[in-house]
Undergrad: 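Structure below; questions to follow.
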Amino acid sequence: MTESQNSRASGESADVIVLGAGPAGLVLANLLHAAGIDCVLLERASRTHVQTRPRAGFLAPNTGRILDRHGLAGGLHRHGSRHGTCEFRTRDGRFRLDYGALGQGGQGGQSGQSGQGGQHHVYPQQNLVTDLLTHYLDHGGRVRFDTEALAVGDADGAAPYVTTREPDGRPTRWTGRYVAGCDGRHGAARRSLPPDAVRHHHDHGVTWLGLLAQAPPSLDAVGYAVHDRGFAGHMARTPEVTRYYLQWQRGVPAEAWSEQRIWDELDLRMRAAEHGPLHRGPLLERGIFDLTCDVVEPLRHGSLFLAGDAASLLAPAAAKGANLAVLEAEILAGALTDALTRGDTAGLDGYSDQCLAHIWRAQEFTGWMTRLLHVAPDGEQGTEPSFHAALRRSRLASLRTSRVHQEWFAENYVGV
């Protein structure tokens, strides 16, 4: 490194360096900035990419309450829609659960404007990210786009730092008091963990083909279809756009099937002949998702803290990822604010254990949902071992008939 580069690399600082402009990083940066904490948000992608990359849009009641509490829910209230019902379609017919009126989620209406029963908000994540980023910038927050974090150093020392690559390729070193790694499972924060960090990983053995269709929703509920050929899912996004999922053979490209074949398969698995046709339209997006999960323990390593997908990754069957990210960001923001303004580090000391309790509960329910909905991975489509098929049919029968089971489902479905 030349002398001028070394001078440049030593000239940037913030009390808290936040890596990653996803929901976790943006909520954290907004809350820290509002508390008067000197922070900077470093994001490797461009602003346009951050605001347009599609992600899930199913926000739990507690997420809405957190956003409300900090004045970050304006777009959610203006443009989001509420859903409190899911429909299961099986060989034994279909049944609906009004989960918004069940479980502990049904008591959520007493806290915050967003808490109307146990209903989810349906709000595309790219819209939420745009809202959070706009609010942060409008209030004077610091962001560096197109700035790739390469490594976190000296996390156990007195002066932790992050080395970055600027848009022009030049290196920079950011020094701070704390680093918040919200930059995903492949980001610099995870790459910089010490050897004794524990990484749990599990592959559910299930793959989804995710589809975004230019077509209005075909039912007024989240739809879960359980079929011998594999799972199919229906999730409304907007009045004009619907998200569908098909359980998919791993290794087969997303473009392997024609649109006609995909719609025909959706009709078959969702039993459209029995329950009504699906609204068809052009497929705007296709993507392959392997249902895997992982967790890092602990979530604190000296001055480095993990949140969002850097802390844990969940299979998307229960839509928990973004909701955990927002919850973790609020917890971490409060702990960092206490430490920096009052010298109280109790929140930081308890951060990892507090968040891991939520993460493992979400992992358990996600695994249960994955087993409930899918052809077992040790059987091919149409040839699932009869034992697994019978177990799944029994679980669905219990969910259809048992009020206790329904209450448990509702509490975990909306909760984090």
Side-chain angles (χ1 to χ4, degrees), residues 58 83-99 120 122 204 206-237 239 241-249 252 254 256-283 286 289 291 315-319 368-377 379-402 405-406 409-410 413:
F58 223 45
H83 278 254
T85 305
C86 56
E87 178 174 300
F88 292 85
R89 296 183 176 186
T90 76
R91 60 187 290 185
D92 299 313
R94 63 177 173 176
F95 65 94
R96 288 192 164 205
L97 291 183
D98 181 11
Y99 65 82
H120 286 97
V122 177
H204 291 285
V206 173
T207 297
W208 279 0
L209 174 66
L211 305 161
L212 197 64
Q214 185 71 50
S218 298
L219 60 156
D220 60 350
V222 176
Y224 297 114
V226 180
H227 196 280
D228 290 344
R229 292 179 61 86
F231 164 75
H234 166 286
M235 287 81 177
R237 284 295 177 260
V241 175
T242 305
R243 175 73 72 178
Y244 287 96
Y245 296 101
L246 280 173
Q247 187 172 352
W248 195 247
Q249 185 176 344
V252 174
W257 287 12
S258 67
E259 289 197 11
Q260 178 71 38
R261 185 177 179 186
I262 286 173
W263 281 113
D264 289 347
E265 189 71 17
L266 284 167
D267 276 345
L268 177 67
R269 297 192 197 181
M270 298 201 72
R271 296 176 168 83
E274 302 169 47
H275 307 305
L278 303 179
H279 298 303
R280 296 192 176 196
L283 298 180
R286 305 185 189 200
F289 304 92
L291 272 60
W368 180 87
M369 280 285 288
T370 301
R371 293 188 296 273
L372 179 75
L373 297 175
H374 298 92
V375 171
E380 297 180 359
Q381 290 182 359
T383 62
E384 182 183 26
S386 59
F387 181 81
H388 295 299
L391 282 180
R392 188 175 63 249
R393 193 176 183 186
S394 177
R395 292 187 192 111
L396 286 162
S398 177
L399 188 60
R400 183 176 62 248
T401 60
S402 169
H405 199 172
Q406 292 168 1
F409 174 86
Y413 192 57

Undergrad: Salt bridge check: are Arg269 and Asp228 linked by an N-O gap of less than 4.0 Å?
TA: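 No.
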
Undergrad: Any side-chain donor paired with an acceptor under 3.5 Å for Thr90 and Tyr224?
TA: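 There is no such pair between these side chains.
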
Undergrad: Whether the side chain of Ser398 engages the backbone of Ser394 through a donor-acceptor N/O pair (distance < 3.5 Å, no angle test) should be reported.
TA: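 Judged by distance alone, no pair lies under 3.5 Å.
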
Undergrad: Using the benzene-type ring in the case of Trp, are the ring centres of Trp263 and Trp257 under 6.0 Å apart?
TA: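 Distance test on ring centres: not under 6.0 Å, no.
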
Undergrad: Which of these, Arg229, Arg261, Arg280, sits in a salt bridge (charged side-chain N to carboxylate O under 4.0 Å, His left out) with Asp267?
TA: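 Only one option passes, and that is Arg280.
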
Undergrad: Do His405 and Trp368 make the cut of ring centroids closer than 6.0 angstrom?
TA: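 When the ring centroids of His405 and Trp368 are compared, they turn out to be within the sub-6.0 Å range.
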
Undergrad: Any side-chain heavy-atom pair from Asp220 and Thr85 closer than 4.5 angstrom?
TA: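 No, their side chains stay 4.5 Å or more apart.
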
Undergrad: Is it the case that the ring center of His120 lies less than 6.0 angstrom away from the ring center of Tyr99?
TA: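 Ring-ring flag for Tyr99/His120: true, centres closer than 6.0 Å.
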
Undergrad: Would Phe231 and Trp208 count as a close aromatic pair, with their ring centres under 6.0 Å?
TA: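 Aromatic pair counts; centres sit under 6.0 Å.
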
Undergrad: Looking only at atom types and distance, does a side-chain atom of Arg392 sit under 3.5 Å from a main-chain N or O of His374, one as donor and one as acceptor?
TA: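 Yes; judged by distance alone, with no hydrogens or angles, the pair exists.
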
Undergrad: Quick one: are Tyr244 and Leu283 in side-chain contact, heavy atoms under 4.5 Å?
TA: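 Not in contact.
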
Undergrad: Between Arg286 and Ala254, is there a donor-acceptor pair closer than 3.5 Å when you use the side chain of the first and the backbone of the second?
TA: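 Yes; judged by distance alone, with no hydrogens or angles, the pair exists.
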
Undergrad: Are any of the side-chain heavy atoms of Arg91 and Arg393 separated by less than 4.5 Å?
TA: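 The answer is yes; the side chains approach within 4.5 Å.
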
Undergrad: Would a 4.5 Å heavy-atom cut-off, applied to side chains only, mark Val375 and Val226 as touching?
TA: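 No. Closest side-chain heavy atoms not under 4.5 Å.
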
Undergrad: Just so I know, are the side chains of Asp264 and Gln260 near enough to count as touching, which here means a heavy-atom distance under 4.5 Å?
TA: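 Result yes, sub-4.5 Å side-chain heavy-atom pair found.
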
Undergrad: Between His279 and Ser218, does a side chain to side chain donor-acceptor pair (under 3.5 Å) hold up when you go through it step by step?
TA: CA-CA 6 Å; His279 298 303; Ser218 298; 4.8 Å; no

Undergrad: Quick one, Phe88 and Leu396 - any side-chain contact, counting heavy atoms below 4.5 Å?
TA: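 Yes, at least one pair of side-chain atoms sits under 4.5 Å.
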
Undergrad: Indicate yes or no: at least one non-hydrogen side-chain atom of Leu278 is less than 4.5 angstrom from one of Met270.
TA: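 SC-SC contact between Leu278 and Met270 confirmed.
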
Undergrad: Whether the side chain of Gln406 engages the backbone of Arg400 through a donor-acceptor N/O pair (distance < 3.5 Å, no angle test) should be reported.
TA: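 Yes; at least one donor-acceptor contact below 3.5 Å.
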
